[in-house]
Amino acid sequence: MTFDEGQGYAVLATLAAPLLAALILVFIPGTQKMAVRYVAAFFGAVMLGLSIYVFVAYQVDGEQIQMSLKWVWVENTAFLGKDGIVLNLAVDGISAPMALLTGVVAFAGTITSWKINYRNKDFFILYFILLAGVYGTFFSFDLFFWFFFYELAVMPLYLLIGVWGSTRKEYGAMKLTLMLVGGSVLIWIGIFAVFNEANLGTFDMQRLFAAGNDGTLSPTFQKVFFPMFVVGCGVLAALWPFHTWSPDGHMSAPTAVSMVHAGVLMKLGAFGIIRLGIQMLPVGAEFWMPGLMVLGVTGAVYGATAALTQRDFKLISGYSSVSHMGYVLMGLATMNQIGITGAVLQMFSHGVMTALVFLMIGALYDQAHTRDMKDFGGIAKVMPMWVVFYAIAGLANVGLPGLSGFTAEFHIFVGTFQTYPVFGALAIFAAALAATYMLRMFSMVFFGPFNPRWKDLKDLTPLEAMAGALLIASIVVMGVWWAPFTDRIGTTVAALPGVVG
Amino acid sequence: MRDYALFVPEYIAAGWAVLVIAIELFWPKVRKDTLAYVTAAGALAWAVSALFYIGNEPESFQGLIQSDNFTTYFRLLAAGIVAAVSIMSANYLRDRTKTAGEYFGLLLVAGCATVYMAAATELITAYISLELLSFCLYILVGYLKRDNLSSEAALKYILLGAFSSAMLLYGMSLLYGIAGSTSYEGISQGLAARDQGGTDAGIVVAFMLILAGVGFKVSAAPFHMWAPDAYQGAPLPITALLSTLSKAAGFALILRLFSLAFVVDAVEWRWAFATLAAVTMTAGNLLALQQKNLKRLVAYSSIGQVGYMLVTIAAIGYGDATVGVNATSGLLVHIVGYVVSTLALFTALTAYYNKTGDDTIVGLRGLAETQPFLAVVITASFFSFAGLPFFAGFTTKLLMFQGATTDELLWVIGLAVLNSFISLYYYLMIVRQMYLFDPIPGMVRFRINPVMWVMSAGLMLGVLLIGIYPGPAFKAAENAAKPLFQQAEPGVAARQP
């Protein structure tokens, strides 16, 4: 192991924090449930702090890739040349907001999980391993470690959902795991092919990006393998028609896992499409992007339509996630500056607002033990704060100006109209559908005749309120002051190959 | 020159085997677990003496056996496996038999046989080493002679084993007829000197017979029929031995034989290895899906693993010497990862079996409640087999497949990755039993033997270490692979048609 340079200690610390947390938790006896909670909350706060630091420290007018740190892992062995496998951590304009998102959602999820009582030590160990995988994927500029962390983020989900989940958890956990790993299979094959075709003896992504640009990866090769990466990553990003794990998985998952999963993990898929698709195989991207646009629009409209017909809160959010991730894919498919910027904004926006939605659903379900909308009515009487929080999330979902959803969707729609006006119109139609299912939910659950069965429901606990407030703060900040986001994202998007102004 | 000093480590192992048998002969009341620890100490002494051979110049003993890094790599591996399996066997045998001296003696002899299979550079020597290993295994599989399953397994194994040896011998004689030599170097020259016009039916038949023979030993489909029965009937630690030592030995022999002797005529056999790999991995994984018994499941899953490993042999046939080194290094490091994961799995299973005597999958219900530590070890090994990150399987599989990737073989690699995906399903079904269900009523927490606890923990740390920091192991594997491809200059031209 050789250590090359090191300005990236903040990045390394952000990645190491969850791993350290998991390691410490291993040595705490499982009976010390309070100690486990305090350690988890502490590291949740540390991760939030470090993530904010990484986001703020990324200099808008500096180099595109900053805070890099390289530890050479394996080199000059067999097919690995110099810099064969490197723990190459860095931040660019896209991973900076993603890191912030992870920190916010992770902290909110950690304190939401305070009330978990059944084997909470094991829960938090797996939860932190998942988060380490997420951070690692966002920060890695080495294909080996990128895939390592990508898989690491998927791995703990089976147990997290299977053991701590609810409704049909075994089915949901198995379906989700198999579909996501099935996607990884395609990525894995693609990685072998890319390494072989580039023949550089390194997994260094920046050199592979260069190889994609200068034709070392031949155009035919790129056209053949681009779909593999997009479908492989797309499964995790709920790309229609590979989205079917999403509603089932979300329905079964425990609250914090739903939050992290919908909030952050699904973004790894879209992030993978940017990294492995657009950056590494630009020719393939140019060739296939219209196809991705069609799938993205289909997902957006389909998800919104399906959400209209559901009665289970979590299913509605599951399908609405499919719809919103459809917007992300549309934004990426525009291949223009404003569209892709919008896609990344939407990744952040959807992350925080979905986390908020799942947090609220969890707060209700833990008391009511049902998620059927028909059972509720007039909840505003007993849970006023809950209703306000949920309404903010719902309105952000719909795209109300002043909240994050508007900022993101506006960018995406403008981008789409520049290249594909027809699809832009369809997407706006989907946004109108979103308003319909949200308002339908408001009227059925929040207001209307009060069902006396629910007179004993308690409002949010202080911890839930705190988590919710943090998420709302993010939603509002991005809704009114998006410059810090667009500046950072813009630097990297402008440098993406094949992107038009 | 006859340099008897080349194989000092094996003298130690073989001498120790005699010693272990003698101890029990003169002191029949000796505790069987003491005997196990004595054997493990012998294996460790063997490993330590092998350390002095790392990096030595390759030297041949009369052109029959070769001492180089490749040999030393398998020395260390075999010694490690023998040590782990004897410790695993300690309580298992104490509870079940009255005589164990032969058992532990044969373990050491089997280890020696593995080394000679890796070292052999001549067909007859290779064959004799192979038979030495096989006979040790035949006896060990049937060691619990009062157990019907064990006896049945041994009988089946012997009959099919004899049949496959016959095929192997037939192939070797045909080859001797064509090439005019039994030494690997002589065969290589004989094949290269042959008229290259058109395919020679005789040589293809010879290769296919040899392929079938060695395919049986590593249990490649369609020659895998013995494996599930032998695995199920054998004493549990011997099941571990079958799925680690005998496979490693088989690949050691295949690697040296095909890379040194047969590589000049790669056109005639490489497609067969690619097909064999594809069939083996698919058959193993699909059949594993339906198993109810843990040992049978592991048998089929190890058949799947063999399928992945065979890809690299095909790659040696398709590529040049560079690809050969890459693929072989990948294979060697993967074998280590696979062996450590398998040993971790079987240590945990044996500790569990010693208390419960249950080897069905549903028997593991709720293990996370009754014995959380064993559940973690078993999960870690299965995740390693499935190739999930943090565990050895992810890294070593990635290195192996990457080393074996050539344009012609991309489809097999794709199939292999797809197969690891299938395998994840049945591994998860076991994890599901352990973590998602409540224990069977009446099952309570039990204490496990501290030695087994420490060994499981150590092996699991090994799985994690190889998974997280594979550098040193990979470097060692590369050094071991290099000697196989050094003298390849004259044949190289003939390789790529």
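As the structure is a prediction and not an experimental result, all values here were calculated from the model. Proteins come first, then strands; the chains are lettered A, B, ... in the order of their sequence lines, and each starts at number 1.
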Taking B/G414's backbone N and O only, do any of them form a donor-acceptor pair with A/W188's side chain (distance below 3.5 Å, no angle check)? no

Contact origin within A/I85 toward chain B - heavy atom pairs under 4.5 Å: side chain

Write down the atom of A/E170, the atom of B/L436, and the distance for their closest heavy-atom approach. CG-CD2, 3.5 Å

Could you walk me through whether A/N196 and B/T406 pass the side chain to side chain contact (heavy atoms under 4.5 Å, CB included) test, one step at a time? CA-CA 7 Å; A/N196 190 43; B/T406 61; 5.5 Å; no

With a 4.5 angstrom heavy-atom cut-off, which part of B/L418 approaches chain A: side chain, backbone, both or neither? both

I'd like to know which of B/P372, B/G403, B/A327 tops the heavy-atom pair count under 4.5 Å against chain A. B/G403

Can you check whether B/Y425 reaches A/M174 side chain to side chain, under 4.5 Å on heavy atoms? yes

Greatest number of heavy atom pairs closer than 4.5 Å to chain B - which of A/I189, A/T77, A/V74: A/T77

Less than 4.5 Å apart, side chain to side chain, heavy atoms only: is that true for A/F192 and B/L409? no

Given the options B/L428, B/V431, B/V325, which has more heavy-atom pairs under 4.5 Å with chain A than any of the others? B/L428

Please list, chain by chain and in numerical order, all residues satisfying salt bridge (charged side-chain N to carboxylate O under 4.0 Å, His left out) with A/K169, sequence neighbours excluded. none

Does the distance from a Lys or Arg side-chain N to an Asp or Glu carboxylate O, for B/K475 and A/E75, drop under 4.0 Å? no

Answer yes or no: is there a donor N or O on one side and an acceptor on the other, between the side chain of B/E478 and the main chain of A/A78, under 3.5 Å? yes

For A/F79, does its backbone N or O pair with a side-chain atom of B/N326 as donor and acceptor, under 3.5 Å? yes

Can B/L398 and A/F144 be said to form a side chain to side chain contact (heavy atoms under 4.5 Å, CB included), step by step? CA-CA 9 Å; B/L398 199 138; A/F144 174 88; 3.6 Å; yes

Heavy atoms, side chains only, cut-off 4.5 Å: are A/Y158 and B/Y435 in contact? no

For chain A, which of B/L399, B/I422, B/N479, B/V323 has the most heavy-atom pairs under 4.5 Å? B/L399

How about A/F147 and B/F394: are their ring centroids closer than 6.0 Å? yes

